[in-house]
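In what follows, a single structure is set out as structure tokens and then discussed.
All values below were derived from every heavy atom in this structure, side-chain atoms included, with hydrogens, water molecules and symmetry-related copies excluded.
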Amino acid sequence: MARLRVLSPGPVAAVLAALAAVGCVSDGDTAGRAVPAGVSFEGVETRLLDDDLVNFRVEMTGARDRDDVAAYARCAAAQYALIRGFGFARHVRTNVQEQGGVWVGDAVYTISPALPRGLQTLDAEVVAAACAEQGIPTV
């Protein structure tokens, strides 16, 4: 049986740790990773590809690495799922490019009312709350 160890205090961190332990939050979630100094979130474009398939294009400057950009896209996906009345999302793919200090993420997520199958799923309410706590904007 896996042992759960919560590294950061607070109910959101505890829930994220528990969800990560059972595979409900993808690796690289927003817990425990503060927004870097000097970061600028330049915006999110959403494009509905199908009834439950959504593309998120995020742009930012000051990111440390691809994980910061992926977190921005994940936060957008979580909030979008909530806006559409869904409670969950599943990560399909994220492509990240950096040119001249501008980081662009192109992510695709499915959204659903019930926990979808797969390893890279997220509880939209929990992730959106963690994003707000970390200072990462959503849609």
From CA spacing to verdict: side-chain contact (heavy atoms from CB on, under 4.5 Å), His91, Leu122: CA-CA 8 Å; His91 179 253; Leu122 56 92; 6.0 Å; no
For [X] against [Y], the heavy-atom pair lying closest together:
X: Val69; Y: Ala63; answer: CG2-CB, 4.1 Å
X: Val58; Y: Ala73; answer: CG1-CA, 3.9 Å
X: Ala124; Y: Ala81; answer: CB-CB, 3.9 Å
X: Arg90; Y: Gly118; answer: CD-CA, 4.3 Å
X: Ala76; Y: Val44; answer: CB-CG1, 3.8 Å
X: Ile136; Y: Cys75; answer: CG2-SG, 3.5 Å

For the pair [X] (side chain) and [Y] (backbone), establish whether a donor and an acceptor sit closer than 3.5 Å, ignoring hydrogens and angles.
X: Arg66; Y: Val96; result: yes
X: Asp50; Y: Leu53; result: no
X: Asn55; Y: Leu48; result: no
X: Ser112; Y: Ala114; result: yes

Working to the nearest 0.5 Å, report the span between OG1 of Thr94 and CG of Asp67.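 That separation rounds to 10.5 Å.
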Rounded to the nearest 0.5 Å, how far apart are CD1 of Ile111 and CG of Leu82?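 It is 10.0 Å, given to the nearest 0.5 Å.
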[X] vs [Y] side-chain heavy atoms within contact, under 4.5 Å:
X: Arg47; Y: Val108; answer: no
X: Pro137; Y: Tyr72; answer: yes
X: Phe86; Y: Asp52; answer: no
X: Phe56; Y: Arg74; answer: no

Full working for side-chain contact (heavy atoms from CB on, under 4.5 Å) between Phe88 and Asp123: CA-CA 5 Å; Phe88 299 92; Asp123 179 315; 4.0 Å; yes
[atom1]/[X]: more than 12 non-hydrogen atoms of other groups inside 6.0 Å:
X: Glu125; atom1: CD; result: no
X: Glu42; atom1: CD; result: yes
X: Arg93; atom1: CZ; result: yes

Applying side-chain contact (heavy atoms from CB on, under 4.5 Å) to Asp68 and Trp103, what does each step give before you reach the verdict? CA-CA 9 Å; Asp68 286 343; Trp103 292 80; over 6 Å; no
Do Val127 and Ile83 share a hydrophobic cluster, counting only Ile, Leu, Val, Met, Phe, Trp and Tyr and linking them when any side-chain heavy atoms are less than 4.5 Å apart?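 In one cluster: yes.
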